[in-house]
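Down below is the structure, laid out as structure tokens.
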2 protein chains.
Amino acid sequence: MTKPGLDAAELGAYFALMDVSSLLQHAIEQQLRSAGELTNVQFKILMRLLEASDGQLRMTDLADSLVVSRSGLTYQAGLLEKAGLITRTPSPDDERSTTLGLTAAGRERIAAVLPGHVDVVRQLLLDPLTRDDLGALADLLTRVRDHMRAAPPRSAAQRARKRADS
Amino acid sequence: MTKPGLDAAELGAYFALMDVSSLLQHAIEQQLRSAGELTNVQFKILMRLLEASDGQLRMTDLADSLVVSRSGLTYQAGLLEKAGLITRTPSPDDERSTTLGLTAAGRERIAAVLPGHVDVVRQLLLDPLTRDDLGALADLLTRVRDHMRAAPPRSAAQRARKRADS
DNA sequence: TATTGTTATACTCTATAACTATA
DNA sequence: TATAGTTATAGAGTATAACAATA
């Protein structure tokens, strides 16, 4: 009678995951806003650029990576460019693509925000975990993420739907 | 030089957590919209009410539990009430409080949406995990959540700030 | 005086669809 | 013909602050 098809362990993992992520997300959002006038999404964009091997990323790849629509990313990238934190230049190999890159100001902004950001992550997420716990958690979640990413990304769904319509 | 204060294991757990939750959240959002005209937040409200021992919850408690502002919850509760899925009645013991309750239609809506919802959670989150993995994940995340919830909730932060201002 | 909930307001973000340009 | 990115549009959701009612 309206019993969910998930048992206690499954439900526990699922709910705990969602609770933890939203609690953490809100705390992060708050810190980023007060420390550096950044949205969580904007911060993630900057971080991905910082991580990228050559410091450059294509729009579509970034959109899929951040689980955002391409138009949404265009909006955010516009804000970041206006703020002088990133650059947008047409890709040399494919003229259709736009390549994002970090500016010096972008790097500085990250440096300004990161310490406080790390503190929040430490206090909320990392503190209650032992070193072993941490490894176990990273392993489990990485496997889940890889599994999830095996499905076609957001940007492909639109193309597929469009094709089916015609 | 601008190195984050987190090592590879910490960063891995943190990023994997955020990636997994946003991937899952987007998939859920999509399913709920197409299956039953519900937002993720609205679905969560209904689920908490279903879970609640007596099927009733106070606004402030629910807001804290869902990590949403009270005004935001008022907005969502208004929509759900207008849709006939929940009831809002003044609490008997404290006239200031509003008690939320599920209607029969609310229960039906949950029943209609839940199977598809469970499928999504299964396919994306649960499938790649063994039974042991699941228990470990639930244990780790539950501990983190309890730790996070030990801090004062959202609704208390406003009161504290207000007091400090005066 | 503190707390509960609502409201008024303003704003941020997001996505869909249409469009341009390049492959 | 398909893909990359932008834009125009429109809507949904959120939070802050002020307010009313109750404790």
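So you know, we letter chains A, B, ... as the sequences are listed, proteins then strands, and number each from 1. These figures come from a predicted structure and were not determined experimentally.
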For this session: Calculate the interatomic distance between Ile45(B) atom CD1 and dG13(D) atom P; express it in whole Å.
Result: 11 Å
Exercise. Which is true for Thr39(A) with a 4.0 Å heavy-atom rule: it touches a base, it touches only sugar-phosphate, or it touches nothing?
Worked result: sugar-phosphate
Exercise. How would you label the contact of Thr98(A) with the nucleic acid (heavy atoms, under 4.0 Å): base, sugar-phosphate, or nothing?
Worked result: sugar-phosphate
Problem set entry | Straight-line distance of Tyr14(A) OH to Leu124(B) CG, nearest 0.5 Å | 10.5 Å
Exercise. Where do Arg58(A) and Thr98(A) land on the side chain to side chain contact (heavy atoms under 4.5 Å, CB included) test, with the steps shown first?
Worked result: CA-CA 6 Å; Arg58(A) 283 194 338 149; Thr98(A) 297; over 6 Å; no
Problem set entry | Within one Ile-Leu-Val-Met-Phe-Trp-Tyr cluster: Leu50(B) and Ile45(B), side-chain cutoff 4.5 Å | yes
Problem set entry | Phosphate OP1/OP2 of dT4(C): any Arg58(B) side-chain N/O under 4.0 Å | yes
Seminar exercise, completed: To the nearest angstrom, the CZ-C1' distance between Arg96(B) and dG5(C) comes to 10 Å
For this session: Let me know the distance between CG of Leu38(B) and C1' of dA12(D), rounded to the nearest Å.
Result: 15 Å
Exercise. Whole Å only: how far is the CG atom of Leu80(A) from the P atom of dC13(C)?
Worked result: 10 Å
Problem set entry | d(CD, Glu95(A); P, dT6(D)) in whole Å | 14 Å
Problem set entry | Residue from Arg48(A), Lys44(A), Arg143(A) passing salt bridge (Lys or Arg N to Asp or Glu O under 4.0 Å) with Asp19(B) | Arg48(A)
For this session: May I ask you to evaluate whether Ser155(B) reaches the phosphate of dT4(C), defined as a side-chain N or O under 4.0 Å from OP1 or OP2?
Result: no
For this session: Would you kindly give the CG-to-P distance between Leu32(A) and dT12(C), to the nearest whole Å?
Result: 16 Å
Problem set entry | Arg70(A) side-chain proximity, nearest of dA4(D), dG13(D), dG5(C) | dA4(D)
For this session: Select base, sugar-phosphate, or nothing to describe what Thr74(A) touches, counting heavy atoms under 4.0 Å on all strands.
Result: base
Problem set entry | N or O in side chain of Gln76(A) less than 4.0 angstrom from dT12(C) OP1/OP2 | no
Problem set entry | N-O pairing of Glu10(A) and Arg122(B) below 4.0 Å | yes
Exercise. Nearest-Å distance, CD (Glu29(B)) to C1' (dC13(C))?
Worked result: 13 Å
Exercise. Which residue lies toward the 5' end of DNA chain C, Val41(A) or Asp94(A), if each is placed at its nearest nucleotide?
Worked result: Val41(A)
Exercise. Hey, is the side chain of Arg88(A) poking within less than 4.0 Å of OP1 or OP2 on dT6(D), counting only N and O atoms?
Worked result: yes
Problem set entry | Integer-rounded Å distance: dC13(C) C1' and Lys44(A) NZ | 14 Å
Exercise. When we call it a touch if two heavy atoms are under 4.0 Å apart, what does Ser71(B) touch: a base, just sugar-phosphate, or nothing?
Worked result: base
